[in-house]
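In what follows, a structure is listed as structure tokens, so that the remarks can point back to it.
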Amino acid sequence: MAASDNEEMDFEEPQVKGKRKKKDNKAESGKKRLKEKDAEMEQLQSTSNGDINTESCFPPTFSVSDIKNKQRRHFMFMKLKQQKKKEKSDLKKKRKREREALGDKAPPKPIPKTIENQRVFDETVVNPEDDEVALDEGTDEFSSYFNRLTNPKILITTSDRPRGRTVRFCEQLATVIPDSHVYYRRGLALKKIIPQCVARDFTYLIVVNEDRKVPNGLVLCHLPNGPTAHFKVSNVRLRKEMKRRGKDPSEHVPEVILNNFTTRLGHSIGRMFASLFPHDPNFIGRQVATFHNQRDYIFFRFHRYIFKNEKKVGLQELGPRFTLKLRSLQKGTFDSKFGEYEWVHKRHEMDSCRRKFHL
């Protein structure tokens, strides 16, 4: 039967399947979680002025690394770091006020712990005034130089086919060391070069090695009887690469400063560096070559000092600058196969203790 026009038709809503209800619930829960996170981030940002302590936001056993949200974790880490820095500065100011209040009765300042003053005791550290050390110095390979029987004469060479940076480094090194001459290898072996150097009265042979167009090694061979030291070279800065450098060095003989060569091995290395330069420096030139040993790294600097007045002295770095790390010390001249080594750098010994040094 057909329904009349006056009768209202009743329509039933279609039944919604269970999967669609689950999707709607997930979407609503996801939006709810995003709103909660946004509210938490706004609360955290509102506490950035320090009104609420961050320790009250989390239990004492909670760690910032447990926060899953990356942005929130980074924000909390920076906030905790800033809070620790503020607490440290407040404590420092408090101690300063206490010392000013006590005046002369204030206790002495504690000595900060550093790797240098926490150095492991080394039996080879010697006193320069020791009689045994003086006897060894009088009979070692450098005694003829310190007794003024020989004058230094140095030959500087490179590895085969050197690049421009290595060549410039050798040329600038020759301007620092007086009476030094730069020659190229031309494919000759060091065993053939050493007899020729001895025949021409050279007292040192310096070989600058390179890797990937950068100087990375230096062989220092004392002639005619050795010893031979092999160094790793790093942080080479040529004169053009240095800011606020002075004018090019003059031909005056520079002064030599050796710092912190305290052990028997360091004593030998220091005497090796000292015998590169002539005995009597020209103080008119006001030039100083410094070898500074710190944690077995030898830093080389070349300066010119200027007297501003009776109390103040200014320094101009002339360059080049570089850092040396001793790899081995060999008796006699260079011999890679049958040479006898006095000392060889062992990496596992250095890694086992950071406070153990050899120079």
Side-chain angles (χ1 to χ4, degrees), residues 152-190 192-194 196-197 200 202-223 228-258 269 272-278 281-282 285-293 297-305 315-327 334:
K153 184 179 178 182
I154 294 92
L155 174 68
I156 301 176
T157 185
T158 61
S159 57
D160 293 333
R161 297 178 182 178
R163 299 293 181 173
R165 184 176 177 82
T166 305
V167 173
R168 289 193 298 271
F169 175 66
C170 294
E171 292 175 351
Q172 294 182 12
L173 196 62
T175 60
V176 175
I177 304 174
D179 200 8
S180 57
H181 309 272
V182 179
Y183 290 99
Y184 299 107
R185 286 280 292 276
R186 297 177 182 175
L188 290 176
L190 286 181
K192 295 181 180 179
I193 296 176
I194 290 174
Q196 297 179 12
C197 293
R200 290 169 174 78
F202 283 99
T203 60
Y204 268 102
L205 173 64
I206 299 177
V207 184
V208 179
N209 297 318
E210 68 172 12
D211 182 26
R212 298 178 182 178
K213 304 180 182 180
V214 177
N216 72 328
L218 187 142
V219 177
L220 187 60
C221 181
H222 183 263
L223 302 175
T228 303
H230 178 222
F231 298 93
K232 176 187 175 183
V233 181
S234 60
N235 301 329
V236 177
R237 296 285 296 276
L238 302 178
R239 291 195 177 108
K240 289 186 178 180
E241 301 170 354
M242 299 172 61
K243 297 181 180 179
R244 296 184 295 275
R245 66 177 181 89
K247 295 182 180 179
D248 292 341
S250 60
E251 296 180 357
H252 295 90
V253 177
E255 305 171 47
V256 181
I257 297 177
L258 303 172
I269 299 299
M272 182 177 289
F273 288 140
S275 57
L276 284 170
F277 298 86
N282 296 329
R286 307 190 311 276
Q287 296 179 156
V288 182
T290 305
F291 295 91
H292 176 73
N293 174 40
Y297 287 91
I298 302 170
F299 300 92
F300 175 80
R301 299 292 185 270
F302 192 54
H303 290 91
R304 178 187 290 122
Y305 57 89
L315 290 178
Q316 285 183 340
E317 188 172 0
L318 306 179
R321 66 163 66 171
F322 54 89
T323 305
L324 300 176
K325 176 77 170 179
L326 183 63
R327 290 301 181 189
F334 179 80

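Side chains are part of it too, since the values below use all heavy atoms of this structure and drop only hydrogens, waters and symmetry mates.
- Residue pairs meeting the ring-ring contact (aromatic ring centres under 6.0 Å, His included) criterion with at least one member in residues 230-251, sequence neighbours excluded, are Phe231-Phe273.
- Here the side chains of Met242 and Leu318 are not in contact, with every heavy-atom distance at 4.5 Å or above.
- The distance from the CG atom of Leu238 to the CG atom of Leu173 is 11.0 Å, given to the nearest 0.5 Å.
- Shown here is Lys153, whose NZ atom has more than 12 heavy atoms of other residues, nucleotides or ligands within 6.0 Å.
- The line from CG of Asp160 to CZ of Arg185 is 5.0 Å long, rounded to the nearest 0.5 Å.
- Counting heavy atoms from C-beta on, the side chains of Leu324 and Phe300 never come closer than 4.5 Å.
- Partners of Phe302 by ring pair (Phe, Tyr, Trp, His ring centres under 6.0 Å), not counting sequence neighbours: none found.
- Listed here is the closest heavy atom pair of Thr158 and Cys170: CG2-SG, 3.3 Å.
- Two residues are said to be in side-chain contact when any heavy atoms from C-beta on lie closer than 4.5 Å; Pro281 and Pro254 fail this criterion.
- Across every non-hydrogen atom of Met272 and Ala229, the tightest pair is SD-CB, 3.9 Å.
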Does the side chain to side chain contact (heavy atoms under 4.5 Å, CB included) test come out yes or no for Leu205 and Leu190, once each step is laid out? CA-CA 10 Å; Leu205 173 64; Leu190 286 181; 4.2 Å; yes

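- One finds a salt bridge joining Glu241 and Arg165 here, because a Lys/Arg side-chain nitrogen approaches an Asp/Glu carboxylate oxygen to under 4.0 Å.
- Between the CD atom of Glu255 and the CD atom of Gln287 there is a distance of 9.5 Å, given to the nearest 0.5 Å.
- The side-chain hydrogen bond (donor to acceptor under 3.5 Å, both in side chains) analysis of residues 205-223, with sequence neighbours excluded, yields the pairs Thr166-Glu210.
- Pro178 is listed as a side-chain neighbour of Phe277, based on a closest heavy-atom distance under 4.5 Å.
- Side-chain atoms of Leu223 and Leu155, non-hydrogen and from C-beta on, never get closer than 4.5 Å to each other.
- Side-chain contact, His252 with Ser250: a donor N or O sits under 3.5 Å from an acceptor N or O.
- Listed by first and then second residue, the salt bridge (Lys or Arg N to Asp or Glu O under 4.0 Å) pairs involving residues 244-253 are Arg245-Asp248 (not counting sequence neighbours).
- Remark: Arg321 engages Glu317 in a salt bridge (charged side-chain N to carboxylate O under 4.0 Å, His left out) (not counting sequence neighbours).
- The backbone N or O of Ser234 sits nowhere less than 3.5 Å from a side-chain atom of Lys325 that would complete a donor-acceptor pair.
- Using modelled atom types, one finds no donor on one side chain facing an acceptor on the other under 3.5 Å when comparing Tyr204 with Ser180.
- The shortest distance between side-chain heavy atoms of Leu276 and Ile206 falls below 4.5 Å.
- Using a 4.5 Å heavy-atom threshold, the side chains of Val167 and Tyr184 count as touching.
- Taking CG of Leu218 as the reference point, atom CG of Leu326 lies at 11.0 Å (rounded to 0.5 Å).
- Residues passing the ring pair (Phe, Tyr, Trp, His ring centres under 6.0 Å) test with Tyr305 are Phe307, sequence neighbours excluded.
- Cys221 SG to Phe202 CZ: the interatomic distance, rounded to the nearest 0.5 Å, is 13.0 Å.
- Environment of OH in Tyr297: sparse, with no more than 12 heavy atoms of neighbouring residues, nucleotides or ligands closer than 6.0 Å.
- To the nearest 0.5 Å, atom CG of residue Leu258 and atom CZ of residue Phe291 are 7.0 Å apart.
- Using a 4.5 Å cut-off on side-chain heavy atoms (C-beta onward), Arg239 and Pro320 make contact.
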After noting the C-alpha distance and the side-chain angles of Asn293 and Ile269, does the key distance pass the side chain to side chain contact (heavy atoms under 4.5 Å, CB included) rule? CA-CA 10 Å; Asn293 174 40; Ile269 299 299; over 6 Å; no

